[in-house]
Protein chains: 2
Amino acid sequence: MTDHSCVTEFAPTSLNEEEEEKLAIQAKALAHPARVRLLKIMAAQPGCVGGDLVNSIGLAQSTVSEHLRILKDAGFILAEAQRPRVCYSVNRTELKSFSHLFGKSFSL
Amino acid sequence: MTDHSCVTEFAPTSLNEEEEEKLAIQAKALAHPARVRLLKIMAAQPGCVGGDLVNSIGLAQSTVSEHLRILKDAGFILAEAQRPRVCYSVNRTELKSFSHLFGKSFSL
DNA sequence: AGAGTATATCGTTGATCGACGATATACGAG
DNA sequence: CTCGTATATCGTCGATCAACGATATACTCT
């Protein structure tokens, strides 16, 4: 319990809808334990074949594929075709960028 | 396109379900633009009365109250009663802790 | 060309979310 | 004690999510 002197006139909070939206969208991609797990596994390897990810997590192939799509759409992973397989790897640049946006947004 | 040498034997990824769950739960709290906006506004003041937050965002009072509850449950904000008002403020410790957990989870 | 393989997409179903208005709650002021 | 005020909770409804099995896709190898 610190001294929360409540204020009524707000300091002008820069309204950057683009960034807020992006933060929310990327957070949503992280908002499921299976996706966190998948990301974590991928982060520990140079690259992972999809089928191995399916085996390492107790979910159907179609479900894992959907989780991977969500992570890809958020920019957190890269998919490189190695037919008939796909090699997934984390996009560290985007992960770092999320972290920076997070810190910047809330002045940490 | 980096050298994604795909691997089939996974490096032993430490399975810490507690942490993965927490990361996912907190990410879910951030996964809505209105909540990001609210957090951002709160981060720019020492404290905010609920009613002012309602006025600064185009949503019904009950909706804002629910968003605030979610942020509070995630640990991202503190609520201090100043009857009949409530003064909300960000919990910087928890925000930082999220950021650290995020970086640690994916070895950033 | 045809078969085999790994991944993506589709269609469905139950669960959770997000919004709202209405109402309950809880306290201070008079 | 009653009234006013600010916030929380409830009930509802449409929208989105998460899971699955089934099937389509797309490429390689023979």
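Letters A, B, ... are given to chains in the order of the sequence lines, protein chains preceding strands, and every chain is numbered from 1.
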(request) Assign a letter to each nucleotide of nucleotides 4-11 of chain C from its 5' end: B, base within under 4.0 Å of a protein heavy atom; S, sugar-phosphate only; -, no contact. (result) -BSBBB--
(request) Five pairs at each end of the helix from C/dA1-D/dT30 to C/dG30-D/dC1: take the axis at both ends and give me the angle between them to 10°. (result) 20°
(message) Contact between B/Phe98 and B/Leu30 at the side-chain level, heavy atoms closer than 4.5 Å - yes or no?
(response) yes
(request) Calculate the interatomic distance between B/Leu30 atom CG and C/dC17 atom C1'; express it in whole Å. (result) 16 Å
(message) Under a 4.0 Å threshold between the charged nitrogen and the carboxylate oxygen, would B/Glu17 count as salt-bridged to A/Arg37?
(response) no
(request) May I have the distance from B/Gln82 (atom CD) to C/dA26 (atom C1'), rounded to whole angstrom? (result) 15 Å
(request) Ignoring backbone atoms, establish whether B/Lys28 has a side-chain N or O less than 4.0 Å from OP1 or OP2 of C/dC17. (result) yes
(message) It should be assessed whether the SG atoms of B/Cys87 and A/Cys6 lie less than 2.5 angstrom apart.
(response) yes
(request) In plain terms, say whether B/Lys22 and B/Glu94 are close enough for a salt bridge, that is, a side-chain N and a carboxylate O under 4.0 Å apart. (result) yes
(message) Just so I know, are the side chains of B/Arg69 and B/Glu66 near enough to count as touching, which here means a heavy-atom distance under 4.5 Å?
(response) yes
(message) If I take atom CD1 in residue B/Ile57 and atom C1' in nucleotide C/dC20, what distance separates them, rounded to the nearest angstrom?
(response) 15 Å
(request) Check whether any side-chain heavy atom of B/Leu23 sits under 4.5 Å from a side-chain heavy atom of B/Ser105, and report yes or no. (result) yes
(request) State yes or no: are the ring centers of B/Phe102 and A/Phe102 separated by less than 6.0 Å? (result) no
(request) Round to the nearest Å and state the distance from A/His32 atom NE2 to C/dT16 atom C1'. (result) 11 Å
(message) Rounding to an integer number of Å, can you tell me how far B/Glu80 CD sits from C/dC27 C1'?
(response) 16 Å
(message) Would you say A/His67 places a side-chain N or O within less than 4.0 Å of OP1 or OP2 belonging to D/dA19?
(response) yes
(message) Under a 4.0 Å threshold between the charged nitrogen and the carboxylate oxygen, would A/Lys104 count as salt-bridged to A/Glu20?
(response) no
